[in-house]
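For clarity, every value in this text was computed on a predicted model and none was experimentally measured. As a basis for the values below, the full set of heavy atoms in this structure was taken, side chains included, without hydrogen atoms, waters or symmetry mates. The first residue in the sequence is number 1, and the count goes up from there.
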Amino acid sequence: MEFFKKRQNASIIFIVVVILFSLIGCHISLTKACDKIEEAFFDKTQLSAEGYYTCPGDQLENCVKYANRLLSVINGADWSGDVYTALAQARQALSDALDDGDISDIYDANQELIAAVEAVEELVNAGAVLPESSDDYETILSDFYSAQSVAANSAYNDYVDQFASTTLRAFPTNILRRLAFVSAPEKFE
């Protein structure tokens with residue numbers, strides 16, 4: 001108890017406690033703010049002028065559905081073996097990543113799905129015969145690429161950039177966030 005009776009020691013303890021609670025408060029408030037920004041990725045309140053959801057998460061869920069439809073169109077084609085498997089795996093990877101909610105994993109899985117769809121498209125353009133109507137095939141591709149475009153051009157990355165420039169890069173938050181181990185919200189890229 002003698003230790004606490006000295007004014008110098010009490011001052012040091014007080015300063016350490018103030019700094020510690022400041023960092024904990026900074027961590028809690030910034031983590032909540034970053035999580036709120038990342039929730040915008042799945043925010044179903046963002047509607048276009050035509051009345052459909054524009055959030056990237058919803059559009060990528062649609063891409064999973066279009067990939068399912070594409071799988072059913074190419075199913076049974078004699079050329080579809082490896083391409084079918086790659087498309088099915090990429091579709092499942094994106095579905096799983098959307099369930100997990102990690103935006104960088106979602107982006108990576110989406111890139112795999114795009115590559116798998118493009119591989120199917122290349123084969124069909126090279127003359128591979130589809131077992132079902134090509135009209136449905138064209139519609140699926142059109143819908144898939146439209147959803148991809150909406151996801152890529154959503155305002156989500158702008159929200160992340162704006163939050164980073166106005167909040168995370170401002171003094172003293174720019175220093176405190178590193179000391180409080182807060183990472184910036186992830187961009188969809």
Asks: Judged by atom type as modelled, is there a donor-acceptor pair below 3.5 Å linking the side chain of N153 to the main-chain atoms of S149?
Replies: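 It does hold such a pair.
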
Asks: Would you confirm whether the ring centroid of F41 sits within less than 6.0 angstrom of the ring centroid of Y156?
Replies: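 Yes; F41 has its ring centre under 6.0 Å from that of Y156.
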
Asks: Does any non-hydrogen side-chain atom of E38 lie less than 4.5 Å from one of V160?
Replies: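 Not in contact.
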
Asks: side-chain contact (heavy atoms from CB on, under 4.5 Å) for N62 and V150? Distances and angles first, verdict last.
Replies: CA-CA 11 Å; N62 287 338; V150 171; over 6 Å; no

Asks: For the residue pair R69 and D143, establish whether any side-chain heavy-atom pair is separated by less than 4.5 Å.
Replies: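 SC-SC contact between R69 and D143 confirmed.
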
Asks: Write out all pairs satisfying side-chain hydrogen bond (donor to acceptor under 3.5 Å, both in side chains) with one or both partners inside residues 80-95, taking only residues at least two apart or from two chains.
Replies: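 Pairs touching residues 80-95 that pass the test: N68-R91, Q92-D96.
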
Asks: Quick check: do D158 and F163 have side-chain heavy atoms less than 4.5 Å from each other?
Replies: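 Contact flag for D158/F163 side chains = no.
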
Asks: Would a distance-only check, ignoring hydrogens and angles, find a side-chain to backbone donor-acceptor pair under 3.5 Å from S142 to E138?
Replies: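 Checking the backbone N and O of E138 against the side chain of S142, no donor-acceptor pair under 3.5 Å is found.
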
Asks: Does the distance from a Lys or Arg side-chain N to an Asp or Glu carboxylate O, for D161 and K187, drop under 4.0 Å?
Replies: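 A salt bridge is present here (some side-chain N lies under 4.0 Å from a carboxylate O).
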
Asks: Which heavy-atom pair separates L94 from I106 by the least distance, and what is that distance?
Replies: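 Minimum heavy-atom contact is CD1-O, 3.7 Å.
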
Asks: When rounded to the nearest 0.5 angstrom, what is the spacing between CG in L60 and OG in S154?
Replies: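 With rounding to 0.5 Å, CG (L60) is 9.0 Å from OG (S154).
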
Asks: Grouping I, L, V, M, F, W and Y whenever their side-chain heavy atoms are under 4.5 Å apart, do V18 and I28 come out in a common cluster?
Replies: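 Cluster IDs for V18 and I28 differ.
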
Asks: Going from CD1 on I140 to NZ on K65, what distance comes out if it is rounded to the nearest 0.5 angstrom?
Replies: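 Answer for the CD1-NZ pair, I140 versus K65, is 14.0 Å.
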
Asks: Any non-hydrogen side-chain atom of V16 less than 4.5 Å from a side-chain atom of F21?
Replies: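 No, side chains not in contact.
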
Asks: Report all side-chain donor-acceptor pairs from residues 108-125 shorter than 3.5 Å, counting only partners two or more places apart or in another chain.
Replies:
from: N110; atom 1: OD1; to: Q148; atom 2: NE2; distance (Å): 2.7
from: N110; atom 1: ND2; to: Q148; atom 2: OE1; distance (Å): 2.9
from: E121; atom 1: OE1; to: Y145; atom 2: OH; distance (Å): 2.8
from: N125; atom 1: ND2; to: E121; atom 2: O; distance (Å): 3.3

Asks: Please report the shortest heavy-atom distance between L87 and I74, naming the atom on each side.
Replies: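 Shortest heavy-atom separation between L87 and I74 comes out as CD2-CD1, 4.2 Å.
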
Asks: I'd like to know if the side chain of D105 reaches the main chain of A97, judged simply by a donor and an acceptor atom lying under 3.5 Å from each other, with no hydrogens or angles considered.
Replies: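 Side chain of D105 to backbone of A97: no pair is present.
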
Asks: Give me the atom names and distance for the closest heavy-atom approach of P185 to C34.
Replies: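 Shortest heavy-atom separation between P185 and C34 comes out as CD-SG, 3.7 Å.
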
Asks: State whether the side chain of D102 and the backbone N or O of S104 hold a donor-acceptor pair below 3.5 Å, judged by distance alone.
Replies: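 Such a contact is found between D102 side chain and S104 backbone.
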
Asks: Looking at side-chain heavy atoms only, is the closest gap between L130 and W79 below 4.5 Å?
Replies: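 Yes - at least one pair of side-chain heavy atoms lies under 4.5 Å apart.
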
Asks: Drop me the distance from I24's CD1 to S29's OG, to the nearest 0.5 angstrom.
Replies: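 The CD1 atom of I24 sits 12.0 Å away from the OG atom of S29.
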
